[in-house]
Participant: 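Below: one structure in structure tokens.
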2 protein chains.
Amino acid sequence: MSRAAGETGVQSALSTLRILEEVARRQPVGVSELARVAEMPKSSVQRYLATLQQAGWLRIVDPERARWGLTAKPIGIGLRAAGEGGLREAALPAMRALSRETDETVHLAMRDENSLVIVARRDGTQTVRTYVELGTVAPIHGTASGLSILAKLPDAEVEAVIAAGLASHTDSTIVDADALRAEVAATRDRGYAVNAASWWRPHVAAIGAAITDSIGRPLAAFALSIPTVRFDSADAPRLGALAVAAADQVSDLLD
Amino acid sequence: MSRAAGETGVQSALSTLRILEEVARRQPVGVSELARVAEMPKSSVQRYLATLQQAGWLRIVDPERARWGLTAKPIGIGLRAAGEGGLREAALPAMRALSRETDETVHLAMRDENSLVIVARRDGTQTVRTYVELGTVAPIHGTASGLSILAKLPDAEVEAVIAAGLASHTDSTIVDADALRAEVAATRDRGYAVNAASWWRPHVAAIGAAITDSIGRPLAAFALSIPTVRFDSADAPRLGALAVAAADQVSDLLD
DNA sequence: ATACGTCGTTCCAACCGTCGGAACGACAGG
DNA sequence: CCTGTCGTTCCGACGGTTGGAACGACGTAT
């Protein structure tokens with residue numbers, strides 16, 4: 001079982017965790033489908049499922065069809081990952097208000113090193129909306145949320161993100177270091193980030209505003225996520241000001 | 001490596017998951033402490049940590065001291081376990097209101113088969129309060145929340161819980177099948193559950209009210225969690241009515 | 001200053017747990 | 001009736017995993 005260099009992990013545990021993630025994403029799901037998407041032998045998947053059941057993470061949610069799903073155990077783990085402090089909960093009211101003021105979809109993304117995790121969503125009433133599954137990991141250099149966070153980080157950390165590599169997601173993703181530095185500078189000037197060019201997902205534009213802790217370090221960000229067909233650059237200043245106000249309001253709640 | 005009969009899981013994966021849980025509970029934490037609490041060789045723990053890092057679940061949060069903690073990945077998994085429907089979020093406002101009305105700690109517990117998981121808390125202003133860590137698993141037959149849920153289940157499912165075994169947690173836990181059936185009946189009469197005898201945790205009394213979906217199946221419950229030193233049975237009807245009202249309000253939100 | 005305990009980290013050979021192909025009965029659809 | 005797919009079970013060979021031992025660094029008590 002040869003893999004890329006530098007990997008020393010326990011193979012069977014990695015495979016088991018992989019199955020756990022796939023079940024989380026596709027539940028309720030059966031053995032064969034899992035084996036197909038994970039490209040593993042069916043009998044191995046079966047064994048991993050039994051292991052995860054024994055550990056209390058999974059259970060058969062539909063006994064008749066042998067479909068697997070998550071137990072409640074991951075809820076507890078997830079809560080601990082989010083921190084009991086409850087940034088998420090603190091942000092929900094402001095998120096709702098922002099969504100109402102703008103009638104657009106608002107996402108809350110939490111920073112995790114050099115990436116973001118979408119942890120909450122509030123929809124507007126538009127007939128055409130953007131959609132991202134909660135829990136999705138987003139690139140920090142390829143989203144308005146991420147740019148708004150980068151703009152509040154010291155240059156050294158921005159450079160660290162650049163050094164880690166700027167992966168491309170669409171043909172307009174910012175992959176050039178200087179271009180990213182320029183975008184960070186522009187975001188610092190504006191106070192909010194604008195992604196009008198579908199950096200990450202096709203046909204999705206966004207406006208981002210960062211949420212900071214008491215000493216000004218960015219922890220998360222709001223994003224107004226707007227289909228490009230409806231996005232008008234002329235609206236950006238108004239939407240940006242609303243997003244910044246909402247983010248600042250949450251920042252103030254965090255002591 | 002001999003274990004109890006009937007277990008067929010992948011050992012290394014079980015050990016790895018065990019370490020994941022311990023890290024979640026104790027983060028930030030080092031190798032030696034983990035090896036001690038999990039009773040595993042230090043070198044094995046080290047390997048499991050590397051594996052979990054490779055899988056994206058853990059990272060070193062304090063590089064100077066080599067302390068490990070969770071990444072944001074579990075947030076996404078946890079959200080999927082809770083269901084995007086967002087029972088938790090739907091319940092938060094009512095929980096806050098209930099806490100204010102009663103000035104007591106309110107817990108939200110979600111059902112997971114024959115157990116409960118505490119997924120949210122709202123404190124009152126009392127100087128003496130109960131405390132349960134979020135993510136804690138509680139017995140369905142040993143809590144007011146659990147009893148309120150059992151009371152809304154058909155008898156067949158109550159019997160299934162009894163058949164699964166009534167583990168004892170304090171010397172007043174209900175472990176007798178008939179006693180539990182009687183308590184379920186009493187709860188059905190009242191509409192809310194009363195645990196005045198510290199069934200689960202010492203010195204903690206509680207009043208529980210179930211939250212149901214559109215067809216009346218109980219999904220979760222509110223509990224007013226009160227130190228026994230302050231608990232007065234005469235207050236139970238008033239508190240019970242408030243808890244039921246709050247739970248019903250959330251139930252109605254769930255279509 | 002010295003000795004001691006604990007920390008995180010690395011290495012490696014023997015062992016035994018894991019792997020996955022193969023085969024099974026059940027089921028649904030053509 | 002046949003075919004494809006489902007979930008499940010079995011077992012021998014293989015190699016991934018195990019964990020004791022040893023390392024240097026650090027902090028503390030002697």
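Numbered from 1 within each chain, the chains take letters A, B, ... in sequence-line order.
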Participant: Just jot down the salt bridge (Lys or Arg N to Asp or Glu O under 4.0 Å) partners of A:Asp213, sequence neighbours excluded, or say none.
Facilitator: none
Participant: Determine: side-chain N/O of B:Tyr48 to OP1/OP2 of D:dT18, distance under 4.0 Å, yes or no.
Facilitator: yes
Participant: How long is the line joining CD of B:Gln11 and P of C:dC19, in whole Å?
Facilitator: 12 Å
Participant: Which residues satisfy the side chain to side chain contact (heavy atoms under 4.5 Å, CB included) test with A:Ser12, sequence neighbours excluded?
Facilitator: A:Val10, B:Val10, B:Ser12
Participant: Can you list, by residue number, the residues of residues 55-70 of chain A that have a non-hydrogen atom closer than 4.0 angstrom to DNA chain D?
Facilitator: A:Ala66, A:Arg67
Participant: Under the rule for side-chain hydrogen bond (donor to acceptor under 3.5 Å, both in side chains), what residues qualify as partners of A:Arg201, not counting sequence neighbours?
Facilitator: none
Participant: Can you check the A:Ile19 CD1 to C:dG20 C1' distance for me, whole Å?
Facilitator: 14 Å
Participant: With A:Thr16, which residues qualify under side-chain hydrogen bond (donor to acceptor under 3.5 Å, both in side chains), at least two apart?
Facilitator: none
Participant: To the nearest Å, give me how far apart CD (A:Glu33) and C1' (D:dT5) are.
Facilitator: 13 Å
Participant: Roughly, in whole Å, what's the span from CG in B:Leu49 to P in C:dT9?
Facilitator: 9 Å
Participant: Quick check on the helix from C:dA3-D:dT28 to C:dG30-D:dC1: what's the angle between its two end axes, five base pairs per end, to the nearest 10°?
Facilitator: 40°
Participant: Please report, rounded to the nearest Å, how far the P atom of D:dG16 is from the CG atom of A:Leu14.
Facilitator: 13 Å
Participant: Are OP1 or OP2 of C:dC19 and a side-chain N or O of A:Ser44 less than 4.0 angstrom apart?
Facilitator: no
Participant: Looking at residues at least two apart in the chain, or sitting in another chain, which of them share a salt bridge (Lys or Arg N to Asp or Glu O under 4.0 Å) with A:Arg188?
Facilitator: A:Asp155
Participant: Applying side chain to side chain contact (heavy atoms under 4.5 Å, CB included), name anything that partners A:Val29, two or more places apart in sequence or on another chain.
Facilitator: A:Val23, A:Arg26, A:Glu33, A:Leu34
Participant: One pair to check against salt bridge (Lys or Arg N to Asp or Glu O under 4.0 Å): B:Arg80 and A:Glu21. What are the steps and the verdict?
Facilitator: CA-CA 10 Å; B:Arg80 291 181 228 262; A:Glu21 288 181 53; over 6 Å; no
Participant: Does the base of D:dG16 carry an N or O that pairs as donor and acceptor with the side chain of B:Arg47 under 3.5 Å?
Facilitator: no
Participant: Could you list the residues that satisfy side-chain hydrogen bond (donor to acceptor under 3.5 Å, both in side chains) with A:Ser115, not counting sequence neighbours?
Facilitator: none
Participant: With the side chain of B:Ser32 defined as its heavy atoms from C-beta on, choose the nearest nucleotide among C:dT10, D:dT8, C:dC7.
Facilitator: C:dC7
Participant: Under 4.0 Å between a side-chain N or O of A:Gln46 and OP1 or OP2 of D:dT8?
Facilitator: yes
Participant: Round to a whole Å and report the spacing from CZ of A:Arg36 to C1' of D:dT5.
Facilitator: 9 Å
Participant: Check side chain to side chain contact (heavy atoms under 4.5 Å, CB included) between B:Arg181 and all other residues, then give those that pass, not counting sequence neighbours.
Facilitator: B:Glu159, B:Ile162, B:Ala177, B:Asp178
Participant: With sequence neighbours left out, what residues match A:Ala221 under side chain to side chain contact (heavy atoms under 4.5 Å, CB included)?
Facilitator: A:Ser145, A:Ser148, A:Ile149
Participant: Do nucleotides 22-30 of chain C as a string where each nucleotide becomes B, S or -: B if the base has a protein heavy atom under 4.0 Å, S if just the sugar-phosphate does, - if no protein is that close.
Facilitator: ---------
Participant: So, A:Arg121 and A:Glu133, do they make that salt bridge, N to O below 4.0 Å?
Facilitator: no
Participant: Does this structure show an ion pair linking B:Glu89 with A:Arg122, if we count only N-O contacts that are shorter than 4.0 Å?
Facilitator: yes
Participant: Within this structure, what is the CD-to-P distance between B:Glu39 and D:dT18, rounded to whole angstrom?
Facilitator: 17 Å
Participant: For A:Ser12 and for A:Gly30, find the nucleotide of DNA chain D with the closest heavy atom, then tell me which residue's nucleotide is more 5'.
Facilitator: A:Gly30
